[in-house]
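As C-alpha cells, the structure follows; a few thoughts come after it.
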Number of protein chains: 2
Amino acid sequence: MPADTRRAWETVLRSIEADLLSGVLKPGDHLPPERALAAEQGVGRSSVREALRVLEVLGLIRTATGSGPSSGAIIVALPGGGMSALMRLQVAAQGFAVADVVKTRLVLEASVASELATACASDHPTDSGPTAPDLSVARQLLDAMDRPALTEAEFLALDAQFHLSLAEASGNQVVTAMMAGLRSSIESYVQAAVPNLQSWPQTSVRLRSEHRDILAAIAAGEPTDAAARVRAHIDGYYEESRITPGPAAPERALSA
Amino acid sequence: MPADTRRAWETVLRSIEADLLSGVLKPGDHLPPERALAAEQGVGRSSVREALRVLEVLGLIRTATGSGPSSGAIIVALPGGGMSALMRLQVAAQGFAVADVVKTRLVLEASVASELATACASDHPTDSGPTAPDLSVARQLLDAMDRPALTEAEFLALDAQFHLSLAEASGNQVVTAMMAGLRSSIESYVQAAVPNLQSWPQTSVRLRSEHRDILAAIAAGEPTDAAARVRAHIDGYYEESRITPGPAAPERALSA
DNA sequence: GCGTAGACTGTGGTCAGACCACAGGTATTG
DNA sequence: CAATACCTGTGGTCTGACCACAGTCTACGC
C-alpha cells in the first residue's frame with residue numbers, strides 16, 4: 001500500500017476532510033485532542049499540529065487552550081479569515097496582480113448590487129418577507145461615515161464595511177468571503193494611495209454621495225443602474241488614487 | 001513590547017509576509033532553511049514548520065528535500081491549489097453552501113465570457129496583437145471532448161478544463177484561481193449527480209453544443225450573447241442534474 | 001450543610017533533540 | 001579522465017518534555 005507516499009500531515013488533513021464530507025464531523029463539533037489524533041493516525045503530534053494549523057488558517061477550526069467544553073479544536077467554518085490570508089499573501093507574493101484584484105472586485109460587487117436591486121424590486125414596499133434584503137446595516141454605516149471627525153483610515157474602514165455589508169445582505173457567503181479577501185489583500189495599497197488624491201475632503205464627499213446613490217438605486221429596485229453606479233464608484237476611486245499596481249503585470253507566476 | 005502575544009508560528013508567518021511585501025523575498029527566491037529561520041526568529045523549528053505548512057497549502061511556497069538549488073522552500077505563488085483547498089474544505093465543513101458556489105461561478109464565468117467577447121470584438125480578425133485572447137486551448141479541449149470513448153468522469157474533467165481555459169484566456173489570475181477553487185469544491189457533488197440525469201449521452205451532446213456556441217459567441221465579439229449563453233449553460237446543467245445542495249441553507253456558520 | 005480555596009487534570013503551545021530519506025556536490029580512486 | 005563513493009545540507013518526522021491555561025474536583029474551614 002503506497003499509503004505513506006503522502007506526507008504525514010497530509011494524511012491527517014485528508015482524514016479530517018473525509019470526516020467532514022461524510023458528516024462524522026459537523027460545525028460545532030470538537031476535534032479529538034491532538035495527542036489522540038496522532039495516536040489513531042499513527043503519526044507524530046507535530047504532524048497533527050501542522051494539519052490543524054492549516055485548518056485554523058483556512059478558517060475551519062478554532063483552537064483554545066485550557067479545559068472544558070470551550071477548549072480544544074472546534075469546527076467553525078468561518079471562511080472570511082482564510083480567504084483574506086490567502087489573498088493577502090498571494091498579492092504580497094505577486095501571485096495576484098492588484099489590477100486583477102480590483103477587476104474581480106468590480107465584477108463581484110456589481111453583481112451583488114444588481115442582485116440586491118432585483119430582490120428589492122420583486123418585493124412590495126410593505127412586504128418585509130424573507131426575500132427582502134436587509135439594508136439597515138449598510139444604512140447605519142453610511143450614517144457613521146457622515147461623522148466629520150473621521151480620519152482617513154477610519155473612513156476607509158467604514159467604507160470597506162459598507163461594501164461588505166452589501167455582500168452580506170445578498171446572503172451569498174461565498175461572494176462575501178471573496179470580497180472580504182479581495183479587500184484586505186489590497187488594503188495596504190489603498191491606504192498608501194490616499195496621498196495621491198488631489199483633495200481628500202473632496203473625494204470623501206464624493207464617495208459618500210456615491211454610496212448613497214448606490215443604496216438608493218438598490219432600494220429602488222433598479223439592477224442595471226445599481227450595477228453601473230457600483231462600477232463607476234470603484235473604477236473612479238482607483239482611477240483617481242492611481243493605486244500603484246506594484247509589479248504591474250508579472251509575466252506569470254513561475255510555472256515550474 | 002507585547003510581541004509574544006501572537007503565537008510563535010504567527011510571528012514567523014508575519015515576518016515572511018513582511019519580507020514579501022517589502023520585496024526582500026520575491027517569487028523564485030529560496031527561503032532560509034527551517035533551522036536558520038527558527039534561530040533568527042528565536043522560535044522552535046516546529047513553529048517555523050507550522051508557518052511553512054500554511055504557506056505551502058496556500059500555494060505560496062514549494063518544498064523539496066535533498067540538496068542543491070532546487071531543494072528547500074521556494075516562493076512560487078501558485079494560487080490555484082490554495083484556493084481549491086480553501087473552497088473544498090469550506091464546502092465540506094458547510095461554511096459555503098453549494099448553491100452559493102454555483103451562483104458565484106455563474107457570475108464570474110459570465111463576466112469572463114463577456115470580457116473575452118469584448119476583447120475579440122475590439123481586435124480585427126487579422127490582428128493577432130497582444131490584446132487578442134488566445135482561445136486555442138479552449139478549442140483543443142472542445143475537440144478532445146468530441147471523442148466518443150470518453151467516460152463520464154473524463155468528460156467532466158475536460159469540461160472543467162474548458163471553463164478554466166476561458167478564465168485563463170482572460171488573463172485575470174484572480175478569477176482563474178477562484179474558478180478553479182469553486183469548481184474543485186463542488187466536484188464531488190457534480191460527479192455524484194450524474195446518475196440524476198435522464199440521459200447522459202443526450203446531455204453530453206447538448207453540453208458539447210453549448211460549449212461550441214459559447215466559444216462562437218466569444219469569437220464573434222458578442223459580449224451579451226456570450227454571457228447569456230454561459231448563464232444558460234451552467235444554470236441548465238445544475239437544473240437538470242439537480243445537484244443536492246447538501247445541507248441546503250445552513251442557518252449560518254456558527255458565529256461565536 | 002455549604003461555600004470557597006486549593007490542587008488536579010486535560011488541553012493546546014512550544015521547544016529541543018534526534019533520526020531518516022533524499023539529492024546534489026565533492027573528493028577519491030580506478 | 002571518468003566513474004564511484006562519500007559528504008553535506010535540506011526537509012520530514014517522531015519523541016519527550018515542559019509551560020500556560022481553564023475548567024473541574026476535592027478537601028478544608030466555617
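Below, chain A is the first sequence line, B the second, and so on; all start at residue 1.
The residues A:Glu56 and A:Arg62 are annotated as not salt-bridged, no charged nitrogen and carboxylate oxygen being separated by less than 4.0 angstrom.
At a threshold of 4.0 angstrom between heavy atoms, the contacts of B:Ser46 include nucleobase atoms, whether or not backbone atoms are also involved. Counting any heavy atom pair closer than 4.0 Å across all strands shown, B:Ala64 reaches sugar-phosphate atoms only and no base atom. Contacts of B:Gly44 with the nucleic acid, taken as non-hydrogen atoms under 4.0 Å apart, involve only primed sugar atoms and P, OP1 or OP2. Within the nucleic acid shown, B:Gly68 comes within 4.0 Å of sugar-phosphate atoms alone, with no base atom in reach, counting heavy atoms only.
Counting only heavy atoms from C-beta on, B:Glu34 has its side chain closest to D:dG12 among C:dC15, D:dT10, D:dG12. Looking at the side chain of B:Thr65, the nearest of the listed nucleotides C:dT11, C:dC22, D:dG9 is C:dC22. Nearest nucleotide to the B:Pro33 side chain, out of D:dT13, D:dC14, D:dG11: D:dG11. When each of C:dG13, C:dC22, D:dT24 is scored by its nearest atom to the side-chain atoms of A:Pro69, the top-ranked nucleotide is D:dT24.
Side-chain atoms of B:Gln90 and B:Ser185 form no donor-acceptor pair, as typed in the model, at a separation below 3.5 Å.
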Atom pairs and distances, donor-acceptor, side-chain atoms in residues 19-31 of chain A, under 3.5 Å, two or more places apart:
from    : atom 1 : to      : atom 2 : distance (Å)
A:Ser22 : OG     : A:Ala18 : O      : 3.2
A:Ser22 : OG     : A:Asp19 : O      : 3.3
A:Asp29 : OD2    : A:Lys26 : N      : 2.9
A:His30 : NE2    : A:Pro69 : O      : 2.6
A:His30 : NE2    : A:Ser71 : O      : 3.0

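Rotation axes derived from the C1' atoms of the five outermost pairs at either end of the helix from C:dG1-D:dC30 to C:dG30-D:dC1 lie 20° apart, to the nearest 10°.
Atom-to-atom, NE2 of B:His30 to P of D:dG11 comes out at 9 Å; the value is rounded to the nearest Å. The distance between atom CG of A:Leu31 and atom C1' of C:dG13, rounded to the nearest whole Å, is 17 Å. Between the CG atom of B:Leu13 and the P atom of C:dT14 there is a distance of 12 Å, given to the nearest Å.
Residues A:His163 and A:Met179 come closest through the heavy atom pair O-CE, 3.4 Å. What you find for A:Leu116 and A:Leu166 is that their closest heavy atoms are CD1-O, 3.5 Å.
The aromatic rings of A:Phe162 and A:His211 sit tilted, their planes meeting at an angle between 30° and 60°.
Checking the phosphate oxygens (OP1, OP2) of D:dG12, a side-chain nitrogen or oxygen of B:Arg49 falls inside 4.0 Å.
Nearest-nucleotide positions on DNA chain D place A:Ala8 closer to the 5' end than the other of A:Ala8 and A:Ser70. For the pair B:Arg53 and A:Arg45, both in contact range of DNA chain D, the more 5′-proximal nearest nucleotide belongs to B:Arg53.
A:Val48 has its side chain within reach of A:Val43: a pair of non-hydrogen atoms, C-beta onward, lies under 4.5 Å apart.
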